[in-house]
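This report refers to the structure that appears directly beneath it.
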Amino acid sequence: MKSISRIHTRSSLPLKNYHYEQQGACFVTIFTKNRECLFGETRDGGIKLNDAGVMVRQVWDELHESYHGVATDQCTIMPDHVCGIILLNVVTGAGACPDPHAKGKPQRVAPAISLPDVIHQFKSDTTARYLFGEALLNWPPCDGKLWQHNYYKRVIENEDELMKFREYFRNDPLQWHPGKNNPMNARP
């Protein structure tokens with residue numbers, strides 16, 4: 001399989017004729033500003049998250065609470081980035097089925113949620129919490145901007161692709177080497 005990590009340097013231009021509010025799954029990668037290693041370290045083939053990394057994981061896991069119809073699948077928090085799968089406009093819970101007693105009455109339909117809205121919410125929430133940790137818990141400074149402006153996104157087209165991305169998440173910590181920002185690459 002071609003290394004997905006090499007693709008992350010691409011621009012986050014929208015796909016032609018794809019509407020990012022339609023139902024489906026998207027793989028996203030979001031890098032910290034200047035690819036600063038703020039969320040932990042790789043150790044023994046895995047990731048040891050620090051408190052900031054744990055906070056980012058928590059915000060990711062709570063995205064479904066911010067938006068009706070959004071679910072998250074697997075996610076990996078790396079020292080300098082987050083990559084995960086976001087499911088858009090999924091129908092879950094009691095509101096998934098129309099009310100059988102509401103014949104002839106208009107049904108309320110939640111507006112479609114777009115991927116940019118979800119990413120904006122994620123970045124805003126994590127930045128606010130990070131700034132709190134920076135001020136009160138001595139987390140490394142991020143100068144008010146935790147994330148790069150853009151992010152990488154890819155529509156997952158089928159179950160096979162979904163399984164490949166899930167495999168990628170398991171292997172990402174083993175392949176992590178962002179150059180100068182990786183403390184393990186520092187020369188004595």
Side-chain angles (χ1 to χ4, degrees), residues 2-39 49 52-93 95-96 108-134 142-166 168-169 172 178 181:
K2 185 176 175 182
S3 172
I4 295 171
S5 61
R6 294 176 195 251
I7 298 172
H8 293 308
T9 57
R10 288 190 196 167
S11 169
S12 181
L13 297 175
L15 291 174
K16 193 174 188 176
N17 300 322
Y18 185 81
H19 301 283
Y20 285 93
E21 68 277 353
Q22 71 189 41
Q23 185 176 17
C26 292
F27 171 85
V28 296
T29 301
I30 310 165
F31 286 99
T32 58
K33 183 181 171 199
N34 300 323
R35 296 205 56 180
E36 294 290 330
C37 296
L38 301 173
F39 305 137
L49 295 178
V54 170
M55 173 275 297
V56 169
R57 164 65 72 188
Q58 180 181 5
V59 172
W60 178 270
D61 290 343
E62 293 171 354
L63 275 173
H64 71 280
E65 295 173 12
S66 298
Y67 287 110
H68 175 74
V70 170
T72 53
D73 196 89
Q74 288 186 341
C75 170
T76 299
I77 312 294
M78 298 296 289
D80 67 343
H81 70 276
V82 174
C83 55
I85 297 170
I86 296 176
L87 308 169
L88 294 173
N89 299 304
V90 294
V91 181
T92 60
R108 289 191 293 162
V109 177
I113 301 301
S114 73
L115 182 63
D117 290 338
V118 175
I119 298 300
H120 175 77
Q121 179 76 36
F122 174 78
K123 286 182 172 184
S124 294
D125 288 352
T126 52
T127 298
R129 293 183 191 189
Y130 192 91
L131 293 174
F132 178 83
E134 183 181 310
C142 71
D143 298 323
K145 296 226 178 222
L146 182 59
W147 303 104
Q148 289 184 5
H149 174 70
N150 234 341
Y151 58 95
Y152 172 81
K153 59 190 168 278
R154 178 180 166 138
V155 175
I156 299 173
E157 297 181 12
N158 55 48
E159 190 71 24
D160 289 339
E161 242 184 37
L162 178 63
M163 298 313 287
K164 287 179 184 176
F165 279 111
R166 287 176 175 161
Y168 168 72
F169 291 126
D172 200 19
N181 291 334

Any salt bridge between E62 and R129, counting N to O under 4.0 Å? yes
What closest approach, in Å, do I156 and E161 show between heavy atoms, and which atom pair accounts for it? CA-OE1, 3.3 Å
Would you please name every residue forming a side chain to side chain donor-acceptor pair (under 3.5 Å) with Q74, sequence neighbours left out? none
Report the distance from atom CG of L49 to atom CE of M55, rounding to the nearest 0.5 Å. 11.0 Å
Locate the shortest heavy-atom distance separating R166 from D73; write the atom from each residue and the value. NH2-OD1, 2.6 Å
Rounded to the nearest 0.5 Å, how far does CH2 of W147 lie from CD of E36? 12.5 Å
Side chains of T72 and L87 in contact at under 4.5 Å (non-hydrogen atoms): no
Side chains of Q121 and D117: any donor to acceptor distance under 3.5 Å? no
Side chain proximity check, F39 to H81, heavy atoms < 4.5 angstrom: no
Reported OG1-to-CD distance for the pair T126 and Q58, which is rounded to 0.5 angstrom: 11.5 Å
Show the nearest heavy-atom pair for residues T76 and M78, with the distance to one decimal. CG2-SD, 3.5 Å
Looking at SG of C26 and CG of L88, how far apart are the two atoms once the value is rounded to the nearest 0.5 Å? 5.5 Å
Give a yes or no answer on whether the side chain of T32 reaches the backbone of D80 with a donor-acceptor pair at less than 3.5 Å. yes
Heavy-atom nearest pair, K123 first then Q148, reads NZ-O, 2.8 Å
L131 side, atom CG; T127 side, atom OG1 - distance, nearest 0.5 Å: 6.5 Å
Heavy-atom check, side chain of Y130 versus side chain of E134, under 4.5 Å: yes
Quick one: does any side-chain atom of D143 pair with a main-chain N or O of K145 as donor and acceptor, under 3.5 Å? no
Tightest non-hydrogen contact, residues V118 and Y67, listed as CA-CE1, 3.8 Å
Applying ring-ring contact (aromatic ring centres under 6.0 Å, His included), can you list everything that pairs with W60, at least two apart in sequence or on another chain? F122
Think K33 forms a cation-pi with F31, using NZ or CZ under 6.0 Å from the six-ring centre and within 45 degrees of its axis? no
Can you find a heavy atom in the side chain of C75 that is under 4.5 Å from one in the side chain of I85? no
Provide the closest heavy-atom pair for T29 versus C83 in the form atom of the first, atom of the second, distance. OG1-CB, 3.5 Å
